[in-house]
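If you're wondering where the values come from, they're calculated on a predicted model, not measured in any experiment. Here is how names work: the chains are called A, B, and so on, in the same order as the sequence lines, proteins then strands, and each is numbered from 1.
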2 protein chains.
Amino acid sequence: MGIREVARRAGVSVATVSRTINRVHPVSPEIAARVWQAIAEVGYVPNTQARALVSGRSRILGLIVSDITNPFFPELIHGFEQFAVEARFEVLLGSTNYDPALMASVVRRMIERRVEGVAVMTSEMESSLLEQLTDRRVPLVFMDVAPLAPRVSNVCVDYAAGVTQAVQHLQRLGHERLAFIGGPLQLKSARQRRDAFLHCLASYPAAPPLVLDGDHKLEGGELAVQKLLSAVPRPTAVLCSNDLTAIGVLHGLDAEGLRAPRDMSVVGFDDIHMARFTLPPLTTVRLSRAALARLAFDALIRDLQNPEASPGATYRLETTLVVRASTARLGAAAPAAG
Amino acid sequence: MGIREVARRAGVSVATVSRTINRVHPVSPEIAARVWQAIAEVGYVPNTQARALVSGRSRILGLIVSDITNPFFPELIHGFEQFAVEARFEVLLGSTNYDPALMASVVRRMIERRVEGVAVMTSEMESSLLEQLTDRRVPLVFMDVAPLAPRVSNVCVDYAAGVTQAVQHLQRLGHERLAFIGGPLQLKSARQRRDAFLHCLASYPAAPPLVLDGDHKLEGGELAVQKLLSAVPRPTAVLCSNDLTAIGVLHGLDAEGLRAPRDMSVVGFDDIHMARFTLPPLTTVRLSRAALARLAFDALIRDLQNPEASPGATYRLETTLVVRASTARLGAAAPAAG
DNA sequence: TTGAAAGCGCTAACAC
DNA sequence: GTGTTAGCGCTTTCAA
C-alpha cells in the first residue's frame with residue numbers, strides 16, 4: 001500500500017520511488033518504468049499528510065467567504081478552486097455567515113491544517129485573528145481591506161466608479177429622487193458602496209437621498225420595499241448594494257402590485273449569473289468573480305514564492321455597468337415586451 | 001512551536017501534553033493547567049497532518065456535487081459543513097460540472113488526502129472510480145444511486161411521489177396537455193424525475209406528454225421555451241426538472257411577451273431559496289437540503305463507527321409540493337396582484 | 001544515478 | 001498519572 005511496497009516490487013529503494021513520482025531528481029528511464037509499473041500494480045496513491053509533514057508544505061489554500069448561499073460566492077469559489085487545483089493545491093473553504101465567532105473558528109481550522117495562504121473574501125476580520133496568520137507568515141489576500149503588512153496583499157474593487165456609473169445612468173434617465181439599500185455594515189465593502197452612493201449624490205444637490213438598511217440577502221430587499229414606498233417624496237429609482245437585494249426588491253414591488261421599471265427603476269450590484277434571468281432582467285454593476293478569483297489566487301502564489309517577506313501588493317478591480325430592463329426613463333411607458 | 005516546546009515550558013513530557021490536549025487519558029489538574037498555560041504562551045496549534053499520519057485518521061470528509069453554482073448545492077454544502085465542523089471534521093469539496101473526467105480527478109484528490117468518507121451528491125460516477133474508494137474501505141453515501149456494497153449507503157429521494165404531487169396539482173387546475181423539461185440525462189436523479197413524469201401521465205391517457213431537453217441550468221429552461229411554444233397543440237403547463245430550469249422558462253416566456261401562470265403554468269423542482277422570490281413566485285416540489293445533508297452526514301458517520309463492513313443502509317427522503325403563484329386554473333384570468 | 005538513514009510532529013504502547 | 005520510545009509515510013540530506 002505504501003511507498004515501501006512499491007519500492008519492494010520495483011526492486012529499488014523508497015528514495016528512487018519518491019524521485020520518480022516527484023520528477024525532481026533524475027531517474028534512469030528503465031528504473032522509472034519499473035517504478036510506474038509497480039505503482040499501477042498496487043494502485044499506490046501518495047499520502048498527502050505524510051508529504052506535507054516532511055516537506056513542510058500542506059498544499060492547502062484557505063478561502064474565506066461570508067455566505068456560501070449568496071450566488072456571488074459560489075461563482076468566486078468555482079474560479080478559485082479551478083486555479084488552485086491546476087496548481088496542485090487543495091482549497092479549504094470557510095463560511096463566516098457574517099459572524100466574527102465563526103470567523104475565529106475558521107481561522108483556527110486553517111492554522112491547524114497549516115494552510116499556505118488565505119484569501120479573505122469578506123471583511124469582518126478582527127486584527128487579532130489577522131495576527132495569528134501573519135505571525136505564522138501565512139500569505140494573505142484581502143478584498144477591499146488593506147492592513148498593509150508583509151505578505152498581505154489586497155484586491156481593491158473600485159466601488160466608487162461602479163456606483164457612479166449606476167447613479168449617472170439613473171440621472172440620465174431623469175431620476176432625481178434616488179434611494180440606496182445597503183448591506184451588512186460590518187462589511188467594509190458594503191460601507192464603501194453606501195459611502196460611494198452618498199458621495200456621488202453630494203455633488204448633485206437635488207433631493208436628499210434615502211438610505212435604507214439591507215443584509216445582502218433576498219429578505220433584506222423585500223423588507224426595504226415598505227419603507228421605500230412610504231417615503232415622502234417617494235424615490236423613483238433604487239440602487240441596491242448587491243443583486244440579491246435587488247431581486248428581493250423586485251419581489252417586494254410585485255407583492256404591492258408594482259413593477260420595475262414602470263413604477264420604480266431598480267439597479268443591482270455584482271451581476272450574478274441570475275441577474276440576466278430576473279423579471280425584468282436586472283440592470284446592475286458587474287464585478288467579475290473570475291477576475292477577482294484570478295487576482296486573489298495570483299497574489300497568494302506570488303507572496304508564497306517570494307522568500308523575503310516583502311510587503312504585499314495592491315490590485316485594482318474595475319466594474320462595468322450592465323444595462324438591462326429594470327431601469328427606464330422616468331415617466332416612460334412600460335417598454336414593449338421582449 | 002511544536003509539542004516539544006510546550007512540553008519543555010510546562011516541564012512535562014510530550015506525552016502529557018498530548019494527553020492534556022486530547023483529554024483521553026487522565027492528567028492531574030495542576031499539570032494540565034501548566035500545560036494549557038504553556039500552550040497559550042507559545043500559541044501552540046497542533047499540526048493536523050502529523051496527527052492524521054500517526055493516528056491514521058485524516059478527519060476529512062469528501063463532498064462531491066455536480067455544480068456549485070446551482071443554488072441547490074450551496075445550501076446542501078452549507079448544512080453538510082456545519083455538521084462536519086461540529087463533529088471536528090473538515091470538508092473537502094469537489095465539483096464535477098457533470099464531467100466524468102473531472103470526477104476522476106476529484107476522487108483522486110480525495111484519496112490523496114485520505115478522506116474518511118465521501119458523500120456523492122451527484123450521480124455521474126463510473127464504477128471504476130467507485131471501486132477505488134470501496135477498495136480502500138472508505139464509507140460512501142450516494143444520492144439516488146444504490147450500488148449496494150459494504151459501507152455504501154444511499155439516500156433515496158422519492159421523486160415519483162414529488163412528480164405525482166405536481167402533476168396532480170396541475171390536473172386539478174384543469175391542465176391536460178403537460179410538458180416536462182428534463183435535466184442532464186447522465187444524472188440518474190434527472191432520469192428518475194423524467195421517468196416519474198412519464199409514468200405518472202401514462203395512467204391519464206389524455207394528450208401525449210411533451211418531453212424536452214434541459215441541463216438543470218437557467219439557459220436550458222430559456223432555450224426550451226421556443227420548442228414549448230411551437231408544439232402543436234401547445235402545452236398549457238410545464239413541469240421542470242429543477243428550479244433553475246423553471247426560472248429560465250419564466251424568463252423565456254417573458255421574452256416572448258408571455259407570463260406565467262396566465263399563458264402557461266410553470267412548476268419547478270427543489271424549492272431553492274430563490275424560488276419564493278421569482279416573478280411570479282414559483283410553485284415547486286420541495287426537496288429539503290438540510291434533511292439531505294443530515295441524512296448523508298449521519299450515514300457516513302454511522303458507517304465510519306461501524307468496524308465491521310456491514311452493508312450500508314438506505315434512507316428515504318420525501319418531497320412536498322409548495323404551491324405559489326406560477327400555477328393557476330386553466331383559462332383563469334390572471335390572479336390579482338399580491 | 002541510486003541507496004541508507006534521519007526525521008517532519010505527533011499519538012499510542014509500554015513501562016514505571 | 002507520567003515518561004520513554006517507536007513509528008505513521010514520506011522527502012531529503014549524505015554517501016557511494
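Rounded to an integer number of Å, the gap from A/E112 CD to C/dC10 P is 11 Å. A/E5 has its CD atom 17 Å from the C1' atom of D/dC8, to the nearest Å. Distance NE2 (B/H25) to C1' (C/dC10): 14 Å, rounded to an integer number of Å. The separation between A/L53 atom CG and D/dC8 atom C1' is 9 Å, rounded to whole Å. At whole-Å resolution of the value, CD1 in B/I3 and P in C/dG7 are 19 Å apart. Atom-to-atom, CZ of A/R23 to C1' of D/dT11 comes out at 17 Å; the value is rounded to the nearest Å. We find that CD1 of B/I21 is positioned 14 Å from P of C/dG9, with the value rounded to whole Å. Remark: P of D/dC10 and CE of A/M1 are 11 Å apart, rounded to the nearest angstrom.
Side-chain atoms of B/R114 stay outside donor-acceptor range of the base of D/dG9, with no qualifying N/O pair under 3.5 Å.
Atoms CE and OG, on B/M103 and B/S95 in that order, are 10.5 Å from each other to the nearest 0.5 Å. Atoms CD and CG, on A/Q82 and B/L102 in that order, are 8.0 Å from each other to the nearest 0.5 Å.
Of the residues near DNA chain C, B/Q49 and B/R19, the one whose nearest nucleotide (by heavy atom distance) lies more toward the 5' end is B/Q49. The 5' end of DNA chain D is approached more closely, in terms of each residue's nearest nucleotide, by B/P26 than by the other of B/A50 and B/P26.
A side-chain donor from one of B/E41 and B/Q37 sits under 3.5 Å from a side-chain acceptor of the other.
In terms of phosphate contacts, A/R51 brings a side-chain nitrogen or oxygen within less than 4.0 Å of OP1 or OP2 of D/dT11. When the side-chain nitrogen and oxygen atoms of A/S28 are compared with OP1 and OP2 of C/dT2, one or more of them lie within a distance under 4.0 Å. Considering only side-chain N and O atoms, A/S55 lies nowhere under 4.0 angstrom from the phosphate OP1 or OP2 of D/dT11. Taking side-chain N and O atoms only, B/S18 has a distance below 4.0 Å to OP1 or OP2 of C/dT11. Between A/T16 and C/dG3, a side-chain N or O to OP1/OP2 separation shorter than 4.0 Å is present. Regarding contacts with the backbone of C/dC8, every side-chain N or O of B/N47 stays at 4.0 angstrom or more from both OP1 and OP2.
Using a cut-off of 4.0 Å between Lys/Arg side-chain N and Asp/Glu carboxylate O, B/E30 and B/R34 are scored as not salt-bridged.
Using a 4.0 Å heavy-atom cutoff across all strands shown, A/V24 reaches no nucleic acid atom at all.
Looking at the side chain of B/V54, the nearest of the listed nucleotides D/dG3, D/dT11, C/dT11 is C/dT11.
Ring geometry for B/F80 versus B/F297: interplanar angle over 60°, hence perpendicular rather than tilted (30 to 60°).
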